[in-house]
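Here is the structure we will look at.
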Amino acid sequence: MTLRQEIVGNAMQMAVVDLRPGQTVYCEAGKFLFKTANVTVETRLSGHSNGGARQSPSGPGGLLRQAMGTAMPVGRRVLAGESPALQYFTARGDEGTVGFAGVLPGEMRALELDGTHAWFAERDAFVAAESTVDFGIAFQGGRTGTSGGEGFVLERFTGHGTVIIAGAGNFIDLDPADFGGRIDVDTGCVVAFEEGIRYGVQRVGGLNRQGLMNAVPGGEGLSLATLEGRGRVILQSLNLESLANALRKAQGGDEQGPAGGVFSPPAG
């Protein structure tokens with residue numbers, strides 16, 4: 001069943017989801033806004049299996065397999081900085097309504113999965129999804145993560161159905177194929193991209209005088225995300241690190257270091 005949803009609002013959008021009787025949608029903790037009284041809520045550490053009913057384990061072996069099956073995805077979410085728990089909302093007896101939102105001023109987008117390919121998104125982009133959508137974590141590898149400072153961990157969505165994501169500022173949809181097959185993006189502006197897009201990180205110049213001069217005036221740090229191939233890419237206009245630097249400056253704090261965001265001290 002297709003998820004009936006409407007994204008409303010401007011500067012801080014929210015998704016209003018209409019559930020059919022028995023239909024389930026889940027979200028990450030902290031993204032829920034409101035629900036009608038006939039919608040039940042259940043918080044789980046374990047995920048689901050394509051919306052199927054959970055089976056009770058039989059015997060010590062079954063209990064161990066269930067524990068391991070719960071611990072592994074929860075551990076991956078914790079390592080990725082995500083919430084360990086998910087909240088599941090189900091309409092009982094009649095149609096119900098649930099509202100969700102992101103945590104930052106910006107846009108939301110509903111992505112439709114047909115089971116043929118996955119979508120990848122930045123950390124914290126996930127808002128809610130049908131129970132037929134599987135939410136996982138993708139580790140991009142050491143070189144990508146350590147050189148870029150961002151993008152090491154991505155959210156991965158597979159299966160059939162609707163998944164709702166959120167970002168900061170305004171969104172723009174691009175296809176690298178329309179720009180010669182590749183676009184270079186500030187690492188803080190990538191929201192999501194389709195499977196088939198090749199994602200990497202490249203240095204802006206080298207660790208020499210010219211490389212530092214390229215990085216310092218624009219405040220872009222020493223790395224850019226590279227997105228290659230053919231497919232849909234969603235970018236956001238608001239870079240959170242730039243916003244944090246602007247707020248620190250307004251409060252009389254220091255701006256980011258001379259090498260850009262890569263070597264900036266952590267906020268707080």
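The model shown is predicted, which means the values in this text are computed figures rather than measured ones.
Judged by distance alone, with hydrogens and angles left aside, the side-chain atoms of E194 form a donor-acceptor pair with the main-chain N or O of R232 at under 3.5 Å. Although no hydrogens or angles enter the test, the distance criterion places no donor-acceptor pair under 3.5 Å between the side chain of Q236 and the main chain of V191. Side chain of S237 to main chain of G169: no donor-acceptor pair is present (N/O by atom type, distance under 3.5 Å, no hydrogens or angles). Checked by atom type and distance alone, the side chain of E155 pairs as donor or acceptor with a backbone atom of D124 at under 3.5 Å. Remark: the backbone N or O of G231 is paired with a side-chain donor or acceptor of D175 at under 3.5 angstrom.
Residues I165 and W119 are not in side-chain contact: their nearest non-hydrogen atoms beyond the backbone lie 4.5 Å or more apart. The closest side-chain heavy-atom distance from L113 to F157 is below 4.5 Å. Between E130 and Q23 there is a side-chain heavy-atom pair separated by less than 4.5 Å. Side-chain contact between E107 and N170 is present, with at least one heavy-atom pair separated by less than 4.5 Å. The side-chain heavy atoms of R156 and T158, taken from C-beta on, include a pair separated by under 4.5 Å. Counting only heavy atoms from C-beta outward, the side chains of R198 and T226 never approach each other to under 4.5 Å.
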Checklist entry - Between L174 and L227, does a side-chain contact (heavy atoms from CB on, under 4.5 Å) hold up when you go through it step by step? => result CA-CA 10 Å; L174 299 175; L227 297 157; over 6 Å; no
Item to check | Audit row: F120, Y199, ring pair (Phe, Tyr, Trp, His ring centres under 6.0 Å) steps and yes/no | outcome: CA-CA 10 Å; F120 295 89; Y199 173 83; 9.0 Å; no
Item to check | Criterion side-chain contact (heavy atoms from CB on, under 4.5 Å) on D173 and R109, from CA distance to verdict | outcome: CA-CA 11 Å; D173 289 64; R109 191 66 55 84; 2.7 Å; yes
Checklist entry - What do the steps show when you test L111 against I234 for side-chain contact (heavy atoms from CB on, under 4.5 Å), and what is the final call? => result CA-CA 11 Å; L111 308 175; I234 302 175; 3.9 Å; yes
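Cluster partners of V8, using a side-chain heavy-atom cutoff of under 4.5 Å among ILVMFWY residues and allowing indirect links, are M14, V16, L33, F34.
Nearest approach of G30 to V103, heavy atoms of both residues: O-CG1, 4.4 Å. Here the shortest heavy-atom pairing between A29 and Q87 reads CA-OE1, 4.1 Å. In this structure, G161 and V133 approach most closely via the heavy-atom pair C-CG2, 3.8 Å. Considering all non-hydrogen atoms of both residues, N239 and C189 come closest at CB-SG, 4.2 Å. Between K31 and V127, the shortest heavy-atom contact is CB-O, 3.9 Å. Between A110 and I7, the closest heavy-atom pair is N-CD1, 3.8 Å.
Within a 6.0 Å radius of CZ in R182, other residues, nucleotides and ligands contribute more than 12 heavy atoms.
Here the CG atom belonging to L19 is positioned 9.5 Å from the OG atom belonging to S131, to the nearest 0.5 angstrom. Taking CD1 of I197 as the reference point, atom CD1 of I183 lies at 7.5 Å (rounded to 0.5 Å). For the atom pair CD (E122) and CZ (F193), the distance works out to 11.0 Å, reported to the nearest 0.5 Å. A distance of 12.0 Å separates CE of M108 from CD of E6, quoted to the nearest 0.5 Å. Between the CD atom in Q5 and the CZ atom in F100 there is a gap of 11.0 Å [rounded to 0.5 Å]. Between atom CG of residue L154 and atom CD1 of residue I137 there is a gap of 8.5 Å, rounded to the nearest 0.5 Å.
Under the 4.5 Å side-chain contact rule for hydrophobic residues, L235 and F179 share a cluster. Following chains of ILVMFWY side-chain contacts shorter than 4.5 Å, one can reach V41 starting from F32, so the two form part of one hydrophobic cluster.
Ring to ring, F126 and Y26 are close: their centroids are under 6.0 angstrom apart.
Scored by the side-chain hydrogen bond (donor to acceptor under 3.5 Å, both in side chains) test, D114 finds T116 as partners (sequence neighbours excluded).
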Show every donor-acceptor pair shorter than 3.5 Å between a side-chain atom in residues 89-98 and any protein atom, with sequence neighbours excluded, or say none if there are none.
residue	atom	partner	partner atom	Å
T90	OG1	T24	OG1	2.7
E95	OE2	R4	NH2	3.2
T97	OG1	D18	OD1	3.1

